[in-house]
Amino acid sequence: MDKKNKMNSIIERWKADVESYRNGALVEICVPQCETCINYIEGNALYCKYYDKERKPKYVLFPEKECYVYESNQPIDIQIADDRENKVYGGLFGFCIGDILGVPVEFSTRQERKEDPIKEMRAYGTYHQPFGTWSDDTSLTICLIDAINNGYSIKKVAENFVKFYQGESFTPYGTVFDIGNSTRDAIIKIISGKSPTDCGGKLETDNGNGSLMRVLPIAFYGQNLKEYELINMVEEVSSLTHNHNRSKLACIFYVEFTIQIILGYKKEEALERTIKFIYNNCQEKYLNEFRYFERILNKTIINTTENEINSTGYVVDTLEAVIWTFFSTDEYQKAILKAINLGGDTDTIAAIVGGIAGIYYGFNAIPNRWIQNIARKEELYDMFKKFCICSLSSLKKSNKDFYS
């Protein structure tokens, strides 16, 4: 094959993205969290109500990590009325927090994370963004949530993607600082007038994790759908940016697994039921892709060693890392920190893990100091509250079984 026409593999493309970000990194001024903390003393940068007898530590003045005494001066109070809201808010805020904690160290290597493991929220880093900044993972997820809140249609989701790309809506600060190449290419096609579900990449090299990272809301909205309706919806939403069967199958698996977690099944049974769902409903269309998901479908992924887990932007690597991390931890905080410390696509893997872990362990398992740091937390909360209401009619009735 002519080298000029050689198509890079998904892993090669991932490595190229990493290098481009590393080479383009800029060093800018870092601003502490202090002005949003109840301990802040106006006009006094070196001291605060907590550090009144000694100077603030260096990591606070030149923020490398979250101040452990930080307490927001504009706290948000999330009200949980019932188990359903506990799972919805746990899943959606849990997803967002995973994204936020992973953003500053995206593209870092596993060795770098072993030498300097993430133990708390950080800021700046890869994209030089302040504390609480979420990326395109959350942006594109709330694009879907907003579409559901306003009467779901794939056209509405596509329109929201365009608004996000153009910086009009769905970003923490009105600009887009992180977006995958496949997603960007697809949105440009949407803008050009192409049918939304024909815009996603269809080649084997188009199997990044850009659709897997944003399908979580379907697990809540689509619980009451018949099997084929649920699959069709997931395929439709994935196809906006990722139209290859491998990406779509990964999304179907994640959504169904999340549904089983929402229904209250323990991890092992939820996985078993999801595998059964895939074999019962996806063989005809996706059988040729099953071999790429072998470690998941035969459940060996659960007992795989960390050295055998890849944390790149490849959709199968991501789904494996998510399931492995979820099964190898026993609380929300441990799950997302373990995901981040794998290195690589830290924000996406931690966000996806954070979604299911937030559902499984509940909203109250998420550290409040992290919730209070979220950029535009009030607007997200309003959107999530509306999503609770809009998705209520679509939620599966208690104890209803897919296999009855």
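Atoms considered below: every heavy atom in the structure, side chains included; atoms not considered: hydrogens, waters and symmetry mates. These figures come from a predicted structure and were not determined experimentally.
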Compute the ring centroids of [X] and [Y], then answer whether they are less than 6.0 Å apart.
X	Y	result
Y279	F290	yes
Y332	Y361	no
F384	F93	yes

Would you say the side chains of [X] and [Y] form a donor-acceptor pair under 3.5 Å?
X	Y	value
Y173	T133	yes
N150	D146	yes
R214	T241	yes
R295	T300	no
Y314	N209	no
T36	N73	no
Q33	N373	yes
Q79	D77	yes
S211	S238	yes

[atom1]-[atom2] distance between [X] and [Y], expressed to the nearest 0.5 angstrom:
X	Y	atom1	atom2	answer
N245	N207	CG	CG	9.0 Å
I261	R273	CD1	CZ	11.0 Å
C199	K194	SG	NZ	6.0 Å
I352	L216	CD1	CG	9.5 Å
I309	D317	CD1	CG	8.5 Å
N149	Y221	CG	OH	10.5 Å

[X] atom [atom1]: more than 12 heavy-atom contacts under 6.0 Å:
X	atom1	answer
E71	CD	no
E378	CD	yes
Q283	CD	yes

Should the pair [X]-[Y] be classified as a salt bridge under the 4.0 Å nitrogen-to-oxygen rule?
X	Y	result
K334	D330	yes
D206	K202	no
E236	K248	no
E379	R376	yes
E159	K155	yes

- Query: For the residue pair H128 and Y124, does the interplanar ring angle fall in the parallel (under 30°), tilted (30 to 60°) or perpendicular (over 60°) class?
  - Reply: tilted
- Would E320 and N310 satisfy side-chain hydrogen bond (donor to acceptor under 3.5 Å, both in side chains), going step by step from the backbone distance to the final call? CA-CA 8 Å; E320 287 189 340; N310 297 311; 5.6 Å; no
Look at the side chain of [X] and the backbone N and O of [Y], then say whether any donor-acceptor pair between them is shorter than 3.5 Å.
X	Y	value
E256	F253	no
E120	K65	no
N232	Y228	yes
W324	T304	yes
D178	S135	no
D52	C48	no

- Message: Show, in sequence, the C-alpha distance, side-chain angles and deciding distance for N341 and K114, and conclude whether the side-chain hydrogen bond (donor to acceptor under 3.5 Å, both in side chains) test is met.
- Response: CA-CA 7 Å; N341 287 320; K114 287 186 182 300; over 6 Å; no
Is it possible for you to check whether [X] lies under 6.0 Å from the centre of the six-membered ring of [Y], through NZ or CZ, and within 45° of that ring's axis?
X	Y	answer
K385	Y381	yes
K267	F326	yes
R122	F131	no
R246	Y292	yes
K56	Y51	no

Minimum side-chain heavy-atom gap [X]-[Y] below 4.5 Å:
X	Y	answer
D382	K386	no
C143	F170	yes
K338	S328	yes

- Take Q372 and N368, measure what side-chain hydrogen bond (donor to acceptor under 3.5 Å, both in side chains) needs, and give me the verdict at the end. CA-CA 6 Å; Q372 300 305 335; N368 183 60; 3.0 Å; yes
- Task: List the steps and the verdict of side-chain contact (heavy atoms from CB on, under 4.5 Å) for N303 and F327.
- Result: CA-CA 9 Å; N303 298 313; F327 272 86; over 6 Å; no
- Message: Apply side-chain contact (heavy atoms from CB on, under 4.5 Å) to residues L297 and E294 and explain how you reach the verdict.
- Response: CA-CA 5 Å; L297 295 175; E294 183 178 355; 5.9 Å; no
- Message: Between E66 and K119, does the salt bridge (Lys or Arg N to Asp or Glu O under 4.0 Å) criterion hold? Intermediate values first, please.
- Response: CA-CA 10 Å; E66 184 181 27; K119 298 179 181 179; over 6 Å; no
